[in-house]
Amino acid sequence: MLESRSMTITRRAVLGALTAGLAQADPAETLYQNGRIVTLDAQSRVLEAIGVRAGKIVPAAEVSRGARVVNLRGRTLLPGLYAAHDHFPQGGLAALYQVDLNSPPIGPVETMADLIRVLKERAARTPAGEWIVGRGYDDTLLREQRHPERRDLDEASSAHPIWIVHTSGHLGVANSRALAIAKIAKNSPAPSSGVIRRGPDGEPNGVIEENGGLVSRHIPAFTKEQRLKAIAHDDRVYLAKGVTTTSIMGVSPERVADLRASAERNEFHLNAVCYLSAGIPANFDTAAAMGGGRVRVAGVKYWQDGSLQGYTGNLTAPYYKTPEAKPDWHGYSNRSREELAASVLKQHRAGYQVAIHANGDLGIDEAIYAIREAAKAAPRKDVRHRIEHCQAPRMDQLDTIRQLSITPSFFVGHVYYWGDRHRDIFLGPQRAAHISPLASAAKRGIPFTVHNDTPVTPVDPLLLVWCAVNRITREGKVLGPEERIPVEAALRSVTSSAAWQTFGERTSGSIEAGKSADLVVLEKDPLTIEPAQIKDIPVLETIVGGETVYRR
Ligand SMILES: [Zn+2]
C-alpha cells in the first residue's frame, strides 16, 4: 500500500540536468506555460502561464528572458496538496517494520486465518523473544466479524510477544506472551483510562481499548536510524501523491527534531506543521519551534473520544447496531469535559492552537465546550481552534462551530472506506447520510479541510477530493448525496483552506505572486474531468519551494 518506486530528484540533479540541457537558462527562474494553472486564489482564476523565481511564484510577465521554460502541454498546475491531518511517518514505520493487517482495498487480510498466517510468516523470520507488531486489522471487515483475541495470536506464535493495532488506532490486541510482559492478568485492576476486555472467566482476552500504552510501552522504541528511514520512505510516498505539506498530529519534540535532521540530510522535502501531544516538556523551546522554517509547531493535539468503527466514538444516541448485550452503547470519552477544558485553557493561554479529536456528537459537544470556555476565560483573536475528524456532528453543532470560529478537519475518506458499514452497522442510514457533512459546513461558511489520517488510510488527497465530490462507498452506493460539494470547494479543502487552517495562508495554499512555489502537475484538470475519475488523475510532478522533488 505504501510502495513507491518513484524517483526523488535532488536539487543538485535538477540543476545539473538544467545546466546541461539549457546552457543559457537561469536555473533560479522558471516559466511554466501552455497549461491550465488552477490558482485557487480569491477570484478562482485559471491562468495559462506562471513564473517561479528563487522559490517563489511571480507573474509570468515578470519572468526574465533567460529563464528555463517548461511547456505544460495542456496539463494542470495546482497549488501543492496538503495532508491536513496525519501521523507522518507512522505509515513509513508500519511499512518498514510492522506487519500489514489491513483488509482490501488497503491490505490482504480477509479472514482470521489470513491474519494468523501473515503474523506466523513474520514470526518465522524473527528471532524468538523479539516483538512482532501488526497494524490495521478491522474486525468489521474480517469474515468472522470479531476482534482477534489472545488465543488467535497465540496460534501465530507463543515464542514472540505480539501486539496488533486496530485500523482506527484506538484498540489493540496482545498475545499471551505480550500480556505476561505487560503484567496484565486476571487479578489486574481496571486501568484509569481505557478498558481491558475479559472473557467470562475474568481472564483478559487480549483486547485493550483506548489505552494501548499498557502493552506498547514495553516494546523497544524505534532507533533514530529507523525513524529517519521511515521519514525518507514516507517523504517519497507523500510527494508521489502531490503532497507538499503535512499537518502532523500528536508529535513529540523528538519527532520535530527528527524531521529537521532529515531535512538537513536532504531526505525530507515536505513542509511540516506539527501539533504536539498534550503534556509538552517544560524545557521545550516553544518560541523557536513555532518560528518559520519548513518544520514548525502550530499547536497541541487532544484525543477526546475514540473511533466510530471501533465503537468508542462518543455519541448522544446509541449506535445503530450495538455490541452484544449492550443495547444502550453509545461509546465514551477519554476524560470529562471539565478536564478537557482545563487543559485546553492552559494551551490556549500559552498561545497555541488546539486540535481536538472528536468523532461522535457527544465528543464534539465536549470539544466545543472546552473551546468556548477557553475563549470566555482568555479572549484571543483569530485562534482557529480545530476539531479533528468531526464525523458525526449535529446541524445545531455546525451552527455553534460557525459562531465560535472553530475549524473542523473532516475524515471524509470514511465515506468511501467505511460508509456502507456506517449506514448498516455503526450510525444507521440517517446519521450516516450526514457523516462528514461538508455541504452543510460550506453552507454555513465554515472553513474546513479533509484528510486521510494516514496511517489509518493511505495518504491520497485526490481520493479525498473525489470522496467529497461523489460520496461513493466501496459498495458503489452514494451516501448522503446532499452533502456532496463542488470540485473547487473540495480542492480548496486540501489546499487554500488547509493553508489557512495552519496559519500558512500568506505563504502557501494558492498560486499567487509572492507565495512559495509549492506546486503539483496533474495529467488532467479535476475541475473539467468527469468527477468519477478525479481519484485516478496521475500526479506527474511535485515541486516544493520551486524545486522539483518528485517526477513520475
Ligand atoms: Zn489522527
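Below, all heavy atoms of this structure are taken into account, side chains as well, without hydrogens, waters or symmetry copies. One-based numbering, in listed order, for ligands and for the atoms of each.
The Zn ion (ligand 1) does not have H357 among its coordinating residues (no N/O/S atom, backbone or side chain, under 2.8 Å). Taking backbone and side-chain atoms together, H451 has no N/O/S atom less than 2.8 Å away from the Zn ion (ligand 1). Within the 2.8 Å limit, D453 places at least one N, O or S atom next to the Zn ion (ligand 1).
Salt bridge absent: K229 and E225 never bring a charged side-chain N and a carboxylate O closer than 4.0 Å. Salt bridge status for R255 with D258: absent, with no side-chain N to carboxylate O gap under 4.0 Å.
With the Zn ion (ligand 1) as the vertex, NE2 of H85 and NE2 of H87 span 110° to the nearest 10°.
Centroid-to-centroid, the aromatic rings of H414 and H389 stay 6.0 Å apart or farther.
When atom types are taken as modelled, the side chain of Y302 and the backbone of S343 share a donor-acceptor pair closer than 3.5 angstrom.
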